[in-house]
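Let me begin by presenting the structure, written as structure tokens, before commenting on it.
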Amino acid sequence: MESVILQGLNPQQTEAVKAVDTPLLVIAGPGSGKTKVITHRVAYLIYEKHVSPFEILGLTFTNKAASEMNDRVSGLLDNSVAGVTISTFHSFCAMLLRRESEKLGLKQNFTIYDDQDQVSLVKKLVKQLDIDVDNVTPRTLLSQISKAKSKMVGWSTYQENAGNYIQEFTAKIYEEYEAALNLSSALDFDDLLLKTYHLFRDYPEVVSKYQERFKYVMIDEFQDTNITQYAISKQLALATGNLAVVGDPNQSIYSWRNADIHNILSFHDDFPTAKVVNLDQNYRSTRTILETAQNLISPNTEKFDQKLWTENSGGQPIVIGEGYNEKEEAEMIISEINNIVSKGEYSLSDIAIMYRVNSQSRALEEKCIKYGIKYQLVGSLKFYQRQEIKDLIAFLRLINNPDDDVSLLRVINVPARGIGQKTLSILSSFAVNSKSSIANVLDQVFAGESSIEIKDLGLTKAALKNLFNFREMMADFKGYVSTRSLPELIEIIFDQSGYKNHIMNESENYQERNENIRELINTAGYFSKENTNDSLSAFLESVSLVGDTDNLSYQGQKLTLITLHQSKGLEFPVVFISGLEDGMLPHIRSIDSENPSELEEERRLCYVGVTRAKERLYLLRSFRRGFRGEPSLPSRFLADITKAQVVSWNFSGEKVNQSNKYVDYQLHQDEHFDLGPDYDIPEYKDSEPKEEQISFNQFKVGDKVAHKVFGDGIIIGCKPIDEDQELQVAFKDGIGIKKLLGSFAKLEEIN
DNA sequence: ACACCAATCGTTTTT
DNA sequence: CGATTGGTGT
């Protein structure tokens, strides 16, 4: 058995798999077989050490990672794995808190506030306090609060240590914010972790229960954990000392979300008996790419000493190119993709374009449309963040937890019910003063439960009537929870709340919004089918923690457009990184910051992108970017890539859409491109390129078409020529590949 | 209370 | 340049 489990593992991987009775730190370089080690280690525990699957806990940071680990483990273990707990930190904690809720005086059906909810709450609090502080936005306040929470600093401690006016203000908001969450029976993401920590700290019998249950704890992407998460891990693993953490400090790119790179860097100090395994053989990339990555990362000071190596061949040189502006840069990228795909060297699903900020995708998308290239934009507009979805979810949350004021305020006047700002601010301030939720105030007003005199509130008759109707409507909805299925319930709310009519009247994107709601109803249907606990509360939790129906999978032949952050954990044969300019990557904020570790993180971000590539890597930059269009310097990171590894894109100001000439890159000395610090801003020789018109071409690669003479065929190439397009079509029946001009060919699309 | 218009604003990454 | 905020008028 042992031989089977350890088969195909290299010595370091084997060492990591077999180290099961000691703290373990695995430094897993990119492409070093990390997932393999984790899954095989689980198998080893179960089959070799006869550990029950129930005693194994795997924690990850993202849902993607959790579900991937789940798939890999169950693939390896033939379903005998049933019982291994693999989940994200956040959902693990949420599960725990629901189970132990009464100990913390928490309602079991607490609501989880996401980013948007938090912002709207903080905005409301700022307004209530009526203090104006310049340059302090709700977002700034929230990020400070979140930072404190992820370091386990409560509001009172924060207040004691406040050293200036802004911090005092923040402390005040922090205090109010906590009170508001409490009143609404709501937890934010940080609370899920923090309350779990408190639970373990204050209830020894609880922590020992879970220590006994989970004797083997593994944490993936350990470099992304924050202080609280690490503290929880220690609480869990204290009894056995059996904590295995896997990660790569060089891929720590989430410090802005309070991940602490020191967790992994000083793990060995916390656990002096820990075995440290260094996975330094790379199986993913060509030697050139790997060496480039190494050169890129080596100036960093906060890192683990690791020298990656590979048995892979050298492969192609890295391609570096510059466009005049972002449009030209996009043109270079997309036409090159079109080129290598038409030549059959790669398919679209082999290729990814990565960038620092989401807004960079726009220029790329336009060119994709122009060339008829299918693409998928990873995670830009999150399904559950869309307005109509959030609105309907808010109704559901309110049914589940009437005290959830944020959700109430969100939907009480959507669609318009004549409950305006005046009314709401009266209710709100009354609720604050009486330390109760708004729903509670309404109960008191209409159910006559207490001393609140209607006239004392100063509400108009119309407002009262509208409030009464809203309350009745919510009560009706609540009645359906036990009698109808989840999808039916959503359908009823959609219809009877007037939301359906509401979005129909906004005919602009009625179709799209309606489809989104259909999608939500479908999702609810799937959820009911697949989960034994299909309660409303469970559904809402899955919505806020599991989030998107996992990135729509990689179906079909599509080019991937993705941010560098999101690319972590993925790999592609061909990778383009766009925007290698100072100010973009590294981002301007990290350059301006007096904290040098921010710059190091940008470097790691670039490193993550580079190490996604298996065979070919293109690094692109643009001379002018954005609407300001100011000239920019090449990214300082480029200076750390040696010229020996690089080939310049032979593009020197010619019109881009003429031919594929510039794709024919040849090694040449290029004065145009100087990696040194004395870089001169190049003069662009031609006049500003004309605005290209985006013509909506009829055909794209992959379309099936019929031709009068040649018969049926499939489009394999597609090159725009002015308003027209030159098509390469592979016809059936031995006719072969023909080049045709779109406007003359009279092709018909067939299915 | 609501709809529309103007001005402003601030530009990262997200469980 | 785009989205969001604020103010206006009905």
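Just so it is clear: chains get the letters A, B, ... in the order the sequence lines come, proteins before strands, and each one is counted from 1. Note that the coordinates shown come from a computational prediction; the quantities given were computed from them, not determined experimentally.
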Of the listed nucleotides ([options]), which one gets closest to any side-chain atom of [X]?
X      : options               : answer
A:K123 : B:dT13, B:dT15, C:dT5 : C:dT5
A:N63  : B:dT15, B:dC2, B:dA1  : B:dT15
A:K422 : B:dA1, B:dT14, B:dT15 : B:dA1
A:T423 : B:dA1, B:dT14, B:dT15 : B:dA1
A:T563 : B:dC2, B:dT14, B:dT11 : B:dT14

Does [X] place a side-chain N or O at less than 4.0 Å from the phosphate oxygens OP1/OP2 of [N]?
X      : N      : value
A:N413 : B:dA1  : no
A:S359 : B:dT11 : no
A:N258 : B:dT15 : no
A:Q566 : B:dT14 : yes

How close or far is atom [atom2] of [N] from atom [atom1] of [X], stated in whole angstroms?
X      : N      : atom1 : atom2 : answer
A:E221 : B:dT13 : CD    : P     : 19 Å
A:Y355 : B:dT11 : OH    : C1'   : 16 Å
A:I426 : B:dA1  : CD1   : P     : 9 Å
A:K568 : B:dT15 : NZ    : P     : 11 Å
A:D114 : B:dT14 : CG    : P     : 14 Å
A:Q360 : B:dT13 : CD    : C1'   : 12 Å
A:E326 : C:dG2  : CD    : C1'   : 14 Å
A:H90  : B:dT15 : NE2   : C1'   : 4 Å

Report task. Take A:F189 and A:R417, find for each the nucleotide of DNA chain B with the closest heavy atom, and name the residue whose nucleotide sits nearer the 5' end. Result ->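 The residue mapped nearer the 5' terminus is A:R417.
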Item to check | Residue closer to the 5' end of DNA chain B, A:E601 versus A:G418 (nearest nucleotide) | outcome: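 Nearer the 5' end of the strand: A:G418.
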Charged N-O contact under 4.0 Å between A:K367 and A:E331: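 The answer is yes: the pair qualifies as a salt bridge.
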Regarding A:R362, tell me which of base, sugar-phosphate or nothing describes its non-hydrogen contacts under 4.0 Å with the strands shown.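 Sugar-phosphate, no base atom in range.
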Within the structure provided, determine whether A:I264 and A:S252 are in side-chain contact (heavy-atom separation under 4.5 Å).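 Not touching, per the 4.5 Å side-chain cut-off.
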**Item:** salt bridge (Lys or Arg N to Asp or Glu O under 4.0 Å) contacts in which one or both residues fall within residues 406-421 of chain A, not counting sequence neighbours
**Value:**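 Salt bridge (Lys or Arg N to Asp or Glu O under 4.0 Å) check on residues 406-421 of chain A returns A:D391-A:R410.
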Whether the side chain of A:Q229 engages the backbone of A:F89 through a donor-acceptor N/O pair (distance < 3.5 Å, no angle test) should be reported.
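Here the side-chain-to-backbone pair does not exist.
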Under a 3.5 Å cutoff, is there a donor and acceptor pairing between the side chains of A:S146 and A:D190?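 Indeed, the side chains of A:S146 and A:D190 share at least one donor-acceptor pair under 3.5 Å.
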Stacking between B:dT13 and A:W256, yes or no? Criterion: centroid separation under 5.5 angstrom, plane angle under 30 degrees.
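Yes, aromatic ring over the base.
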Next on the checklist: Within this structure, what is the CG-NZ distance for the pair A:L192 and A:K149, rounded to the nearest 0.5 Å?
Outcome noted: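 That separation rounds to 9.5 Å.
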